[in-house]
Amino acid sequence: MKYQDEYRDPELAERIVSAINNKSRTPVRFMEVCGTHTVAIFRSGLKELLRETITLISGPGCPVCVTSPQDIDRAIKLCREPDVTVATFGDLMRVPGSESSLHQEKARGADVRMVYASMDALELARKHQDRRIVMIGIGFETTVPTIAAAVYQAQQEGLDNFLVFSAHKLLPPALDALLAGEEVRIDGFICPGHVTTIIGTEPYQEVVDRYGKPCAISGFEPVDILQSIYMLVSQIEEQRCEVEIQYARAVHSEGNPKARQLMEEVFEPTDGVWRGLGSLPQSGLKLRGKYRTHAAESHYDLTVPPADEMPGCRCGEVLRGVLAPPQCALFRKSCTPTNPYGPCMVSTEGTCAAYFKYHLE
Ligand code: SF4
């Protein structure tokens, strides 16, 4: 098997591929929603193993990529405040805003720190009480509980200098928007296992009930993804439509109620603006009630002018699954991982970066 080293159990993988290809009759288009899945699919050469009846398309599941240009500009505005240290996850630093990026601002002297976890930012707040530490909160339901825990802890310790700029996103409204928009044909979703460990399967049931599209909750090994594809193909060929859990070693249908309780204690839903999908009702999060004092916008004016995509960048269409990266005129030319023009090339989970790295045309 090609790319054999990427499979822990190549014989099992071959058996599943064979089962998929024997079963598949109807041409289908499945969307892998999550950037981690996108990278695993490309790295393992999985697409090349499947029959031509099965098309995989990448969706809006890279948290860096879906952060809107305005939110990048707001993060940049924050790092220009003289008393602010911005703490952020690494990939976000290189995403271009309208005029600059956090990386460029750091080079010009702004205090921007890369952190690996929200608790690292909380530690900065403990150590530097003369400064306000603003954590840039990006990510889906997987990351939100960790940011909520940091805010909760800051409140307990009276660390008023720990703030969050919340650009978090909730995944189910994006699935709803993609299907309601009918811009791209999607016959089923390979859903993110890590998000589902938190939210459980109920939100996907709405996708099944409202739109009649099957969902498979998938782990992240290539064999996991193959099994999920088998589940989706089987559902379609057997005219079933349901939510199936492939990633049963980590996911329970009820999710993680404690993590959700913490999220709901600290955050409340609000409208969220996504790159590529625009404003989606109740798809973002803001700090709730007594935690508002830890919201960056409670202390700083975060008004920024409207911001568009960079001219020529087609990340929005890539994130909606409408366009494959090689169809962007800038791909491999003025946009490369060394010199990224748009976020889908910046992020290690971005679709354009995956196409570039694994030489797909
Ligand atoms: Fe944006 Fe670059 Fe991808 Fe084109 S190739 S869509 S400019 S990230």
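These figures come from a predicted structure and were not determined experimentally. Atoms within a ligand are numbered from 1 in the order they appear, just like the ligands themselves. Side chains are part of it too, since the values below use all heavy atoms of this structure and drop only hydrogens, waters and symmetry mates.
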Query raised in the report: How many angstroms lie between OG1 in Thr146 and CE in Met135, if you round to the nearest 0.5 Å?
Result: 7.5 Å
Query raised in the report: Pro325 near ligand 1, heavy-atom distance under 4.0 Å?
Result: no
Query raised in the report: Hey, does the side chain of Lys213 reach the backbone of Ile186 with a donor-acceptor pair shorter than 3.5 angstrom?
Result: yes
Requested in this report: Return yes if some donor-acceptor pair links the side-chain N/O of Gln227 with the main-chain N/O of Asp224 below 3.5 Å, else return no.
Outcome: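 Side chain of Gln227 to backbone of Asp224, a donor-acceptor pair under 3.5 Å: no, none is there.
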Query raised in the report: Heavy atoms, side chains only, cut-off 4.5 Å: are Pro214 and Glu242 in contact?
Result: no
Query raised in the report: So, do Phe140 and His194 have ring centers that fall under 6.0 Å from each other?
Result: no
Under a 4.0 angstrom heavy-atom cut-off, which atoms of ligand 1 come close to [X]?
| X | answer |
| --- | --- |
| Tyr341 | 7 (S) |
| Gly342 | 1 (Fe), 8 (S) |
| Cys313 | 1 (Fe), 7 (S) |
| Met345 | 8 (S) |

Query - atom 4 (Fe) of ligand 1 to nearest N/O/S of Cys328 less than 2.8 Å - result: yes
Query raised in the report: Within 45° of the axis and under 6.0 Å from the centre of the six-membered ring of Tyr358, does NZ or CZ of Arg43 qualify?
Result: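 Negative - Arg43 is either too far from the ring of Tyr358 or too far off its axis.
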Query raised in the report: Salt bridge or not for Arg132 and Glu81, using N-O below 4.0 Å?
Result: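 The answer is no: the pair does not qualify as a salt bridge.
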So which protein heavy atom does [atom] come closest to, and at what separation?
| atom | value |
| --- | --- |
| atom 2 (Fe) of ligand 1 | Cys335 SG, 2.3 Å |
| atom 3 (Fe) of ligand 1 | Cys352 SG, 2.4 Å |
| atom 8 (S) of ligand 1 | Cys315 SG, 3.3 Å |

